[in-house]
Protein chains: 2
Amino acid sequence: MPNDDGDAAERAVEDGSVTRSLQPMARRQTKPAIIDAALGLFEERGFEATTMRAIAERAGVSVGNAYYYFASKDELIQGFYDRAMEEHAAASAERLAGLTDLTERIVAHADSWFAALGRYHQFATQFFRVASDPSSPLSPFSSRSAPAREAAIAGWRDVVEGARTGDGSPAVADRLRSELPELLWLYHLGLILFWVHDGSADQAASRLVLAGTAPVIVRAIGLADVPELAATIDDLARLVATIRPMLAT
Amino acid sequence: MPNDDGDAAERAVEDGSVTRSLQPMARRQTKPAIIDAALGLFEERGFEATTMRAIAERAGVSVGNAYYYFASKDELIQGFYDRAMEEHAAASAERLAGLTDLTERIVAHADSWFAALGRYHQFATQFFRVASDPSSPLSPFSSRSAPAREAAIAGWRDVVEGARTGDGSPAVADRLRSELPELLWLYHLGLILFWVHDGSADQAASRLVLAGTAPVIVRAIGLADVPELAATIDDLARLVATIRPMLAT
DNA sequence: ACCAACATTTGAACGTGTTCAACTATTGCT
DNA sequence: AGCAATAGTTGAACACGTTCAAATGTTGGT
């Protein structure tokens with residue numbers, strides 16, 4: 001098994017030029033080379049049309065070597081996902097900069113996700129097919145994707161924390177502020193599910209769903225303070241609390 | 001390509017005993033034989049562990065012949081799904097017989113689904129992995145599964161139509177009665193999505209989610225008449241109307 | 001300098017889903 | 001009865017993801 005995060009290869013580079021010049025057989029950065037080859041081919045041909053043999057050939061390694069670094073073809077997808085999420089985080093931060101309205105911030109964050117992944121829609125479809133397999137390590141609920149999940153929730157936390165009312169006070173009541181990011185993340189998963197199945201041109205339908213549902217979500221957040229609904233909300237909170245420990249993935 | 005629904009084989013049988021006795025090479029019912037073999041093996045070993053060669057061998061045909069009737073291994077799943085849905089319809093009808101309360105009827109219908117598919121949970125997981133692929137004909141939104149989808153929605157229509165209030169009048173206002181079955185079907189899809197990912201013993205968590213959310217759904221239905229929410233509900237209805245024609249699957 | 005442990009790399013081989021040209025059986029028509 | 005067209009059937013062959021024993025490179029200790 002390789003070092004878990006390509007540390008070995010990176011360390012070798014950090015050893016500096018002396019080490020490198022003393023070793024004629026320059027240490028290739030095999031793992032990133034494989035990722036680059038895979039992503040390039042995925043974009044060119046799609047996921048299923050890309051063979052492990054083609055990836056290995058473009059990366060200049062043997063097939064077996066690719067499997068030394070990635071347990072399966074599916075795992076190579078993680079590289080695509082990580083890269084896309086970086087793009088999304090950057091694009092979202094830029095669009096959120098001037099916005100204070102919660103609804104607008106939600107729309108901006110989710111819409112920049114659509115923008116970031118739009119060009120990969122067809123390929124992303126195959127990605128989420130794999131990810132929607134509960135037994136896959138790429139499932140959003142798996143322990144292996146916990147870092148990605150937490151990063152995504154943190155993104156939604158930024159959306160919530162940055163929201164202000166007219167007088168500059170936080171737009172979301174304290175009681176909800178801690179739970180809301182995760183709920184919005186679930187809402188986003190739902191949007192993604194729709195987006196994946198969205199056959200409309202440029203996924204326009206998904207953007208409409210976003211624009212149409214975000215205000216409803218925000219209105220529902222406001223409703224959480226209505227006393228008549230408090231009992232129901234408490235029921236749901238208790239339900240979540242009961243169920244969460246039952247789910248060991 | 002075979003006749004679309006095994007008509008050829010069925011017609012041959014309907015030709016009667018004369019035809020059969022005059023044809024020493026008795027016409028095998030190849031298609032059902034393949035389905036039976038496949039379902040048996042799926043139950044015994046799971047979906048992925050079952051090979052097309054094993055299916056063909058048990059059915060007494062060649063591999064190529066299986067592909068004459070089923071375009072892919074995935075398509076064999078439809079047989080499992082159809083059979084399971086028959087079981088569900090029967091079990092649900094039985095449990096709904098004495099119930100008039102809408103919440104109880106919703107729970108009974110969905111819970112009998114859990115009961116019907118519980119023993120197949122692991123295998124069903126692989127089934128829904130395939131079904132959640134938007135490009136798969138098994139996707140619940142695909143045109144190929146339209147009959148199954150409509151049958152499922154019809155099941156939810158029974159749930160709604162049979163619900164009575166204390167005085168024996170329909171429990172659901174006219175305005176909602178036509179749309180509600182499809183919404184409940186979507187709710188059920190959500191439950192199934194959770195169930196598929198549900199790693200708790202005997203999928204107990206899924207049943208709790210059902211028991212906990214069904215009353216909320218029913219309460220929300222009642223809220224549809226509150227004037228303050230009418231505008232929002234109209235917005236959502238308009239959104240659905242706008243989007244539906246955009247989705248050509 | 002040497003060796004033992006470890007990390008990396010190789011490519012042939014395996015089992016899989018799927019395809020296809022060839023073959024056989026059946027039907028419809030005269 | 002005979003013939004052309006169609007339906008059904010076969011199994012070898014293909015391309016793929018994956019595995020594995022073996023070969024090679026690298027490191028750290030003496």
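Note on naming: letters A, B, ... go to the chains in the order of the sequence lines (proteins, then strands), and numbering restarts at 1 for each one. Basis for what follows: all heavy atoms, side chains included, without hydrogens, waters or symmetry-related copies.
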For nucleotides 4-6 of chain D, print each protein N/O atom paired with a nucleotide N/O atom at under 3.5 Å, atom names and distance only.
none

- Message: Between A:Asp198 and A:Ser200, is there a side-chain donor-acceptor contact under 3.5 Å, judged purely by atom types and distance?
- Response: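 Present: a donor and an acceptor within the cut-off.
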- Cut-off 3.5 Å, side chains only: do A:Ser145 and A:Tyr81 have a donor facing an acceptor?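 Short answer, no.
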- Query: Of the nucleotides C:dT10, D:dG11, D:dC16, which has the atom closest to the A:Val61 side chain?
  - Reply: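 Output: C:dT10.
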- Just wondering, more than 12 heavy atoms not from A:Glu94 lying within 6.0 Å of its CD?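 Count not over threshold, so no.
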- Any chance CD of B:Glu179 has more than 12 other-residue heavy atoms, nucleotides or ligands included, within less than 6.0 Å?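 Not more than 12 within 6.0 Å, no.
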Within this structure, what is the [atom1]-to-[atom2] distance between [X] and [N], rounded to whole angstrom?
| X | N | atom1 | atom2 | result |
| --- | --- | --- | --- | --- |
| B:Tyr68 | C:dT24 | OH | C1' | 13 Å |
| B:Phe70 | C:dT19 | CZ | C1' | 18 Å |
| B:Arg45 | C:dG15 | CZ | C1' | 14 Å |
| A:Gln126 | D:dG17 | CD | P | 12 Å |
| B:Gln29 | D:dG8 | CD | C1' | 15 Å |

- Item | Distance, nearest 0.5 Å, that separates CD of B:Glu75 from CD1 of B:Ile35 |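 B:Glu75 CD to B:Ile35 CD1: 10.5 Å, rounded to 0.5 Å.
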- Give a yes/no answer on whether the side chain of A:Thr30 brings an N or O atom under 4.0 Å of OP1 or OP2 in C:dT9.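 Affirmative; the distance criterion is met.
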- Message: Whether A:Lys31 engages the ring of A:Tyr68 as a cation-pi pair (distance to the six-membered ring centre under 6.0 angstrom, angle to the ring normal within 45°) should be assessed.
- Response: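 That pair does not qualify as a cation-pi contact.
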- Donor-acceptor pair, side chain of B:Ser132 and main chain of A:Ser132, under 3.5 angstrom: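 Judged by distance alone, no pair lies under 3.5 Å.
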- Annotated protein contacts, base or backbone, on nucleotides 18-24 of chain D with a non-hydrogen cut-off under 4.0 Å, one of B, S, - each: BBB----
- Task: Under the ring-ring contact (aromatic ring centres under 6.0 Å, His included) rule, collect the residues that match up with A:Tyr120, sequence neighbours excluded.
- Result: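 Residues passing ring-ring contact (aromatic ring centres under 6.0 Å, His included) with A:Tyr120: A:Phe80.
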